There are 2 protein chains.
Amino acid sequence: MTRASSRRPGPPTRTERGIPEATVARLPVYLRALTALSDSGIATASSEDLATAAGVNSAKLRKDLSYLGSYGTRGVGYDVEYLRYQIAREIGVTQDWAVVIVGIGNLGHALANYSGFGTRGFRIVALLDADPALVGERIGDMEVRDFAELEHIVETDRVSIGVITTPAGPAQEVCDRLVAAGVTSILNFAPVVLSVPDGVDIRKVDLSIELQILAYHEQRKSGEVALPQVPELPATNGLAPDLPAVGGGVSA
Amino acid sequence: MTRASSRRPGPPTRTERGIPEATVARLPVYLRALTALSDSGIATASSEDLATAAGVNSAKLRKDLSYLGSYGTRGVGYDVEYLRYQIAREIGVTQDWAVVIVGIGNLGHALANYSGFGTRGFRIVALLDADPALVGERIGDMEVRDFAELEHIVETDRVSIGVITTPAGPAQEVCDRLVAAGVTSILNFAPVVLSVPDGVDIRKVDLSIELQILAYHEQRKSGEVALPQVPELPATNGLAPDLPAVGGGVSA
DNA sequence: CCGATTTTGTTCTCACGTTCACAAGCTCCT
DNA sequence: AGGAGCTTGTGAACGTGAGAACAAAATCGG
Ligand SMILES: NC(=O)c1ccc[n+]([C@@H]2O[C@H](COP(=O)([O-])OP(=O)(O)OC[C@H]3O[C@@H](n4cnc5c(N)ncnc54)[C@H](O)[C@@H]3O)[C@@H](O)[C@H]2O)c1
Ligand SMILES: NC(=O)c1ccc[n+]([C@@H]2O[C@H](COP(=O)([O-])OP(=O)(O)OC[C@H]3O[C@@H](n4cnc5c(N)ncnc54)[C@H](O)[C@@H]3O)[C@@H](O)[C@H]2O)c1
C-alpha cells in the first residue's frame, strides 16, 4: 500500500517545506497580536506575552514559531517588528493579493464596505453581480460590475482569490466559473459544499454552523446530564418501519 | 472543561456523555445535507450518499454518526427524516434559541436581514447598538434598540447566545456586558481575542484570517519551492543586535 | 570573567482525529 | 428457507496536534 512513501525512517518530518495546517491557521492570529503590540510601542515580547495576546498557550506558540526558523533571542524574547515581518513574509502578505467578490447582496455589501482587508494584505479589485439592477452601483470607491466581466478582470488583475457571497443555488456554478477563469483560492459564504478540482483551495465561513455548535454546548450546559435522551434503541430494531413523525411522511 | 476526565481508566471514552469536538463541528453539515436530501424527496441514503453530500469521507461519517447511537440499518442505509431528527435533537435545534446581535453596522445589518437563521433553530430577538442615531431604525420586522436594554432583554427572552459585530475596540467591553447579563455563548466577528470566564463558550469568525490562510497556500502554489526565503539565519546570530529597520526604534 | 537568571527551541509523551478493513446484520432473490 | 449481496458499526493502525519539561543560549550583575 502506502509503504513506498517512507523516505525518512528516523527523523519525524523535518522542517523541510511544510508548516502544519494547525500552525498556519494560527499565524494570522500571531500577526495581529504583534501588530497590536507594535502599535502600543512595545519593541520586544516574550513568548508568554505573545501567547497571552494571541490567546494561546506559550509552549504552543513557541513550537509554532519554531517552524518558521529561530527568530527569537534566548533570555530576551522576540523583537516585535522583526517577527511580525517574518510571519507576514511566511504567510505571503508582504504584498497585496487581488480579490474579487461575487454576489453583492447583504453580505457582499458589508464586505465591500469593510476597510480591514486593505490593511491586511488584500486588495479588492472588483465587485461582481449577475443582477443588472445592481451593476453600476457605487460602493465606496468601487462600482459593481457585471459577472460576465469575470474572466477579463481575473486575467488583467492577476486575481487568485475569489469570495462567493451569492445564494446557495448558484454558488457551485459561480465557483466553476471562478476556477475556469483562473482563480485558485476561494472563500465561500454560501451554505453549500462546493467541489473544486485539485490545486484549488477552498475555505468556508458558515454562520449557521457556528451557531449550531454553540447551541450544542449550550444544551449540554442547561441539561447537564439530564436530557430526555429518548428511547435510544428499542431493544429490537424499529428503525425503518416507524418514522418518528417529525416532519410528516415524506413522499418518494 | 478538563475536569471530570479521569473516571474510566481502561475503556477508551465510551459514548457516555461526550461527542468529540471535531464531530460536533460536522453534525451541522450532516444536518444540512439531510435537509437537502429530504427536500429532494429522498427517503433513504447510504453513508456513501450522505458523505458525498456533506463533502466528507464515508468512514468518517459513519464513525461520527456512531457517537449518536445506532440509527442506520445495515444493508439499507439511513432513513433521512429519522436521522435528521436525531441529529437536530443532539445539536439542540429542535426548538429555537434566542439570539441578540450587538453592533448594527455593515455586518450587523447583513445578519439582521438574513433569513437563514430562523429555519435553522435560531430566533433573533433583538438588534442592539450604542449609537443613538441607529436606535429606532427598522430592519425587516425588527427595530434597533439601545444597548442599555441588554440586561432586560436577556432576562425577558431567556437569551443564551449573543453575536458581537461591533468594532474591535469595544468588543471586550460588550462581551463582558453580555456575560454579566447571563449570555453563555458568544459568536464574535470583531478581530480581537476575547476573554471570557469558564462556562462561557466563544467562537470567532474572522474573515481576514481566512483570507490569510488562503494566501499562505496560494504563495506556495506560485513559488512552489522557489521563494526568496531571505537569509534564514545569518550563521552566527544577528537577531537582537541589528533590528531590520522596519518600524524604526520603538521606545518600548 | 563567571555564575545567576531568563527565555527560547526542542524533545518526549499523551490525547485526539482520521482512515482502513472487516465482522455483524439486514434485505432480497431464488 | 438459505445464500448472495449490501451497508453499517467498530476495532485497530496511523497520523497529527497539544502540552510538559528541560537543555541550550543569551543577558546581566558583580
Ligand atoms: N446575509 C447574511 O448575514 C448571511 C449569513 C449567513 C450566510 N449567508 C449566505 O451568504 C450568501 C449571501 O447572502 P446575502 O444575504 O448577501 O444574499 P443576497 O440575496 O442579499 O445577495 C445575493 C447576491 O448574489 C447575486 N447573485 C445571484 N446569483 C448570482 C450569480 N449567478 N452570479 C453572480 N451574482 C449572483 C444576487 O444578485 C444578489 O445580489 C447566501 O448564500 C447566504 O446563505 C448570509
Ligand atoms: N463589514 C465586514 O465585512 C467585516 C469583515 C470582517 C470583519 N468585520 C468586523 O466586524 C465588526 C463589525 O464590522 P462593521 O463593518 O459592521 O462595522 P461598523 O462600524 O459598520 O459597525 C459597528 C457598529 O457597532 C456599533 N457599536 C460601536 N460600539 C458599540 C458598543 N460599545 N455597543 C454597542 N454597539 C456599538 C456602532 O454604532 C456600529 O453601528 C468589526 O469588528 C469588523 O472588524 C467586518
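In this text the structure is predicted, and so the values were computed from the model without any measurement. In what follows, chains are A, B, ... by sequence order, proteins preceding strands, each numbered from 1.
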Engineer: Could you check whether the side chain of K63(B) and the base of dG9(D) have a donor-acceptor pair of N or O atoms closer than 3.5 Å, going by distance alone?
Structural biologist: no
Engineer: Before you tell me yes or no, could you show the steps for S46(A) and D49(A) under side-chain hydrogen bond (donor to acceptor under 3.5 Å, both in side chains), namely the whole-Å CA-CA distance, both residues' side-chain angles and the distance that decides it to 0.1 Å?
Structural biologist: CA-CA 5 Å; S46(A) 69; D49(A) 298 337; 3.2 Å; yes
Engineer: Find the distance D79(B):CG to dT27(C):P and express it as a whole number of Å.
Structural biologist: 13 Å
Engineer: Could you state the atom-to-atom distance from CG of L61(B) to P of dT8(D) in whole Å?
Structural biologist: 9 Å
Engineer: Please name the pair of heavy atoms, one in Y114(B) and one in P191(A), separated by the smallest distance, quoted to 0.1 Å.
Structural biologist: OH-CG, 4.3 Å
Engineer: Is E21(A) touching bases, backbone alone, or none of the nucleic acid, heavy atoms closer than 4.0 Å?
Structural biologist: sugar-phosphate
Engineer: What nucleotide among dT27(D), dG17(C), dT10(D) has an atom nearest to a side-chain atom of P20(B)?
Structural biologist: dG17(C)
Engineer: Out of dT10(D), dC22(D), dG17(C), which nucleotide sits closest to the side chain of R62(A)?
Structural biologist: dC22(D)
Engineer: dT10(C) C1' sits how many Å from L68(A) CG, rounded?
Structural biologist: 15 Å
Engineer: Check the distance between dT16(D)'s C1' and R26(A)'s CZ and give it to me in whole angstrom.
Structural biologist: 11 Å
Engineer: Closest-nucleotide mapping onto DNA chain D: is A59(B) or G75(A) further toward the 5' terminus? I mean the 5' end.
Structural biologist: A59(B)
Engineer: Can you check the K60(B) NZ to dG17(C) P distance for me, whole Å?
Structural biologist: 11 Å
Engineer: OH of Y78(B) versus P of dT7(D): gap in Å, rounded?
Structural biologist: 12 Å
Engineer: Between dA20(D) atom C1' and N57(A) atom CG, what is the distance in whole Å?
Structural biologist: 9 Å
Engineer: Give a yes/no on whether any side-chain N or O of S47(B) is located under 4.0 angstrom from OP1 or OP2 of dT8(D).
Structural biologist: yes
Engineer: Establish, with yes or no, whether the OP1 or OP2 oxygen of dG9(C) is under 4.0 angstrom from a side-chain nitrogen or oxygen of S70(A).
Structural biologist: yes
Engineer: Using a cut-off of strictly less than 4.0 Å, decide whether Y67(A) has a side-chain nitrogen or oxygen near OP1 or OP2 of dT16(D).
Structural biologist: no
Engineer: What side-chain hydrogen bond (donor to acceptor under 3.5 Å, both in side chains) pairs are there with at least one residue in residues 163-175 of chain A, not counting sequence neighbours?
Structural biologist: Q172(A)-D176(A)
Engineer: Mind listing the closest non-hydrogen atom pair of A25(B) and I209(A) along with its distance?
Structural biologist: O-CG2, 4.1 Å
Engineer: Is there a donor-acceptor pair closer than 3.5 Å between any side-chain N or O of S222(A) and the backbone N or O of E218(A)?
Structural biologist: yes
Engineer: R74(B) has an atom CZ; how far is it from atom P of dC22(C), in whole Å?
Structural biologist: 16 Å
